[in-house]
Amino acid sequence: MELVQCIRDVFEEDPLSGAENPLDRKLFKEGNFYPVYRDEHNSWITVDDDGEQHIIASGVTLMEDFWFTFRFRIA
């Protein structure tokens with residue numbers, strides 16, 4: 001298990017375009033810390049502020065995932 005910090009607000013993505021929309025639900029708040037763990041498929045999972053699970057990175061290490069490094073840092 002790792003602890004990560006959100007470095008910019010993360011919003012729900014539009015299912016068709018895959019783009020975040022600031023008018024949609026905020027999943028992770030800038031400055032907050034979140035525990036993450038790796039599952040058996042090398043996906044890194046955490047729980048958002050509403051208690052729902054999300055994959056926030058894929059790969060052996062967190063730093064291999066661009067989506068993660070743009071939005072989080074290892075605490």
Side-chain angles (χ1 to χ4, degrees):
M1 185 172 300
E2 298 277 348
L3 186 64
V4 299
Q5 184 178 26
C6 185
I7 57 174
R8 62 180 34 89
D9 290 337
V10 178
F11 297 91
E12 195 167 40
E13 292 182 355
D14 178 276
L16 297 177
S17 69
E20 290 182 34
N21 182 347
L23 301 176
D24 286 338
R25 183 170 66 108
K26 187 184 298 185
L27 302 176
F28 302 101
K29 185 177 177 182
E30 180 181 352
N32 285 4
F33 290 87
Y34 301 92
V36 298
Y37 68 92
R38 188 173 59 179
D39 70 7
E40 64 275 2
H41 305 289
N42 287 328
S43 295
W44 291 87
I45 300 172
T46 193
V47 178
D48 68 21
D49 291 328
D50 291 330
E52 293 183 35
Q53 286 188 342
H54 297 275
I55 296 173
I56 62 168
S58 297
V60 176
T61 70
L62 291 169
M63 299 310 291
E64 292 177 351
D65 189 282
F66 174 77
W67 190 94
F68 172 84
T69 58
F70 186 70
R71 294 162 178 84
F72 295 90
R73 69 173 162 228
I74 298 172

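- Between E30 atom CD and Q5 atom CD the span is 8.5 Å, to the nearest 0.5 Å.
- For N42, the side-chain contact (heavy atoms from CB on, under 4.5 Å) criterion is met by R38, V60, not counting sequence neighbours.
- Legend: residues meeting side-chain contact (heavy atoms from CB on, under 4.5 Å) with E40, ordered by chain and number and at least two apart, are absent.
- Qualifying salt bridge (charged side-chain N to carboxylate O under 4.0 Å, His left out) partners for K29, counting only residues two or more places apart in sequence or in other chains: none.
- Distance alone, capped at 3.5 Å, places no donor-acceptor pair between the D50 side chain and the E52 backbone.
- Separation of atoms CD1 (I45) and CD (Q53) is listed at 5.5 Å; rounding is to 0.5 Å.
- Scanning for salt bridge (charged side-chain N to carboxylate O under 4.0 Å, His left out) contacts around D49 gives an empty result, with sequence neighbours left out.
- Atom CZ of R8 sits about 7.5 Å away from atom CZ of R71, to the nearest 0.5 Å.
- Scanning all heavy atoms of the two residues, the minimum distance from P35 to T46 falls at O-OG1, 2.6 Å.
- Side-chain contacts under 4.5 Å among hydrophobic residues (ILVMFWY), followed directly or transitively, place W67 together with V4, V10, L27, F28, Y34, V36, W44, I56, L62, M63, F68, F72, I74.
- Evaluation of the side chain to side chain donor-acceptor pair (under 3.5 Å) test over residues 55-65, restricted to residues two or more places apart or in two chains, returns none.
- Rounding to the nearest 0.5 Å gives a distance of 10.5 Å between CD of E13 and NE2 of H54.
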